Amino acid sequence: MFESLQAAPADAILGLIAEFRDDPRRKKIDLGVGVYRNAAGATPVLDVVKKAEHRLLGTQTSKTYIGTAGDPAFNAAMQALAFGDAAVDDRLVTIQTPGGSASLRVAAGLLLRARKDTVVWVSDPTWNNHVPLLGGAGLTLKTYPYYDAETRTIGCDAMLDTLRAADKGDVVLLHACCHNPSGIDPTAEQWRAIGEVIVERELVPFIDMAYQGFGTDLNVDAFAARHLIGLVPELVLSTSCSKNFGLYRDRVGAMSILAKDSKTRDIVASQASSFVRTLYSLPPDHGAAVVSIILNDAELRAAWIVELDAMRDRLGGMRNLLQDALKVTAPGHDFSHLLRAKGMFCFLGISPQQVARIKQEFGVYMVGSSRINVAGITPDNVEYLAKSIAAVL
Ligand code: LMR
């Protein structure tokens, strides 16, 4: 039976992990997958996570099932983290999911259960896995223009014009902060304009917030979620703890849906439960239990924010360092957009051929679109990186 299958192509992002690992060159640089790294190139477990895990080991008395929606204490904490004071309790349901990806997948399932021909508008470009994940679930996808490669800014007018032509009830997938792959986020003013079109056209915002805390801070990064929830009757939010808690492999995320009233909210909650049961039955507990301990303890929460701030500051520092180094190695070229980007990613702005060359000749790995993860830059490798970039320009 299985001989009828064809080998699947390697994932554009995850495929780079193995390629980089197998490259024997000592000076190679990994700017591929979106994982935080410190100045030594390591992705250590956060200190606060170690502390919470220690506490969890000492206090956990059972590993029995919790339920399809996960732990209510985790869900309440995640809801408050995302929406702050804007949380509208009796219309909002939040469930624990195995990472942000499962959160997207559950949301897709519910959108399809609600309307089997649901259309979701995604930004051009968007995270490499958005289209396979949401399209593969059965949603009809359309794209709206987002990043203007010429000006290296958001083409906001073109984006708004496209969304003005969307049909009532269409869903708009928005990156809350640290747009993946461009790193270029709407300003507060642009978010307000986006909100106006969403209201005017009666669209449903579907916010993907995978990098809260990596852009400006936990509150500023949640601006879109908090602003839009006050404007619309219905909204979907997908959140991830992979990056801001460094819990990548533990798979921790949450999905929230704002329904038009509390009765509909209860129906959505029951549908979410039944959908999860058919998909993965129940979410894993360990990582979410750790996050719940941290968010529900004032001291640990404060310690987490200090570690999160340090990660974000390092990313900003590396952007500056690379831009300064490029001024020396590639003086005729403008890389100022590196400083306008937020979070882990931005486009270098080189062609796929140049991406292939820099990998082949210098062992510098990035996604084919020239998306770089600035966490792969260190004070030790930045000079080599800037020289390698200049050599392929
Ligand atoms: C990325 O975009 O590199 C990360 O979100 C990791 C992934 O799963 O693709």
Side-chain angles (χ1 to χ4, degrees), residues 8-21 28-38 41-43 46 97-108 122-137 141 146-147 173-185 206-215 221 237-255 280 283-284 287 308 311-312 314-315 318-319 338 341-348 352 355 359 364-377:
D11 182 88
I13 296 175
L14 299 183
L16 292 172
I17 298 176
E19 256 192 277
F20 180 79
R21 188 195 51 217
K28 62 187 177 176
I29 301 178
D30 185 1
L31 307 177
V33 68
V35 167
Y36 177 78
R37 288 200 204 84
N38 63 19
T43 308
L46 298 190
T97 58
S101 295
S103 160
L104 292 167
R105 184 62 184 85
V106 174
V122 301
S123 65
D124 178 21
T126 194
W127 175 45
N128 279 62
N129 206 26
H130 270 149
V131 171
L133 194 160
L134 299 173
L141 302 183
Y146 184 82
Y147 184 72
L173 185 70
L174 300 158
H175 299 225
C177 59
C178 310
H179 182 266
N180 181 1
S182 72
I184 305 291
D185 291 335
F206 179 173
I207 304 167
D208 187 353
M209 185 154 66
Y211 295 88
Q212 188 180 6
F214 269 70
D221 291 354
L237 175 80
S238 175
T239 45
S240 168
C241 301
S242 293
K243 327 282 171 168
N244 53 11
F245 286 87
L247 285 165
Y248 308 90
R249 67 172 67 160
D250 281 338
R251 311 309 299 145
V252 193
M255 189 217 56
Y280 50 78
L308 180 58
M311 289 195 277
R312 185 182 59 247
R314 197 186 104 70
L315 297 178
M318 292 307 105
R319 286 177 192 287
L338 293 184
K342 301 266 185 203
M344 279 187 185
F345 307 120
C346 59
F347 286 125
L348 205 49
V355 171
K359 175 163 80 178
V364 175
Y365 287 73
M366 67 189 74
V367 181
S369 59
S370 90
R371 185 197 82 168
I372 59 167
N373 171 13
V374 295
I377 306 171

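Any value given below was found using the heavy atoms of this structure, including those in side chains, with hydrogens, waters and symmetry copies removed. Predicted, not measured: the structure shown is a model, and the values here were computed from it. Atoms within a ligand are numbered from 1 in the order they appear, just like the ligands themselves.
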Residue that, paired with Leu16, satisfies side-chain contact (heavy atoms from CB on, under 4.5 Å) out of Val33, Leu31, Val367, Asp11: Val367
Option passing side-chain contact (heavy atoms from CB on, under 4.5 Å) with Met255 (candidates Thr97, Thr239, Leu237): Thr97
Distance under 6.0 Å and angle within 45° of the ring axis: does Lys28 meet both against Tyr365? no
Taking every non-hydrogen atom, the tightest pair across Trp127 and Pro181: N-CD, 4.2 Å
Set of residues that line ligand 1, where lining means a heavy atom lies under 4.0 Å from it: Ile13, Val33, Gly34, Trp127, Asn180, Tyr211, Lys243, Phe345, Arg371
Could you label the plane-to-plane angle of the His175 and His179 rings as parallel, tilted or perpendicular, counting under 30° as parallel and over 60° as perpendicular? tilted
Going by an N to O cut-off under 4.0 Å, is there a salt bridge joining Asp30 and Arg37? yes
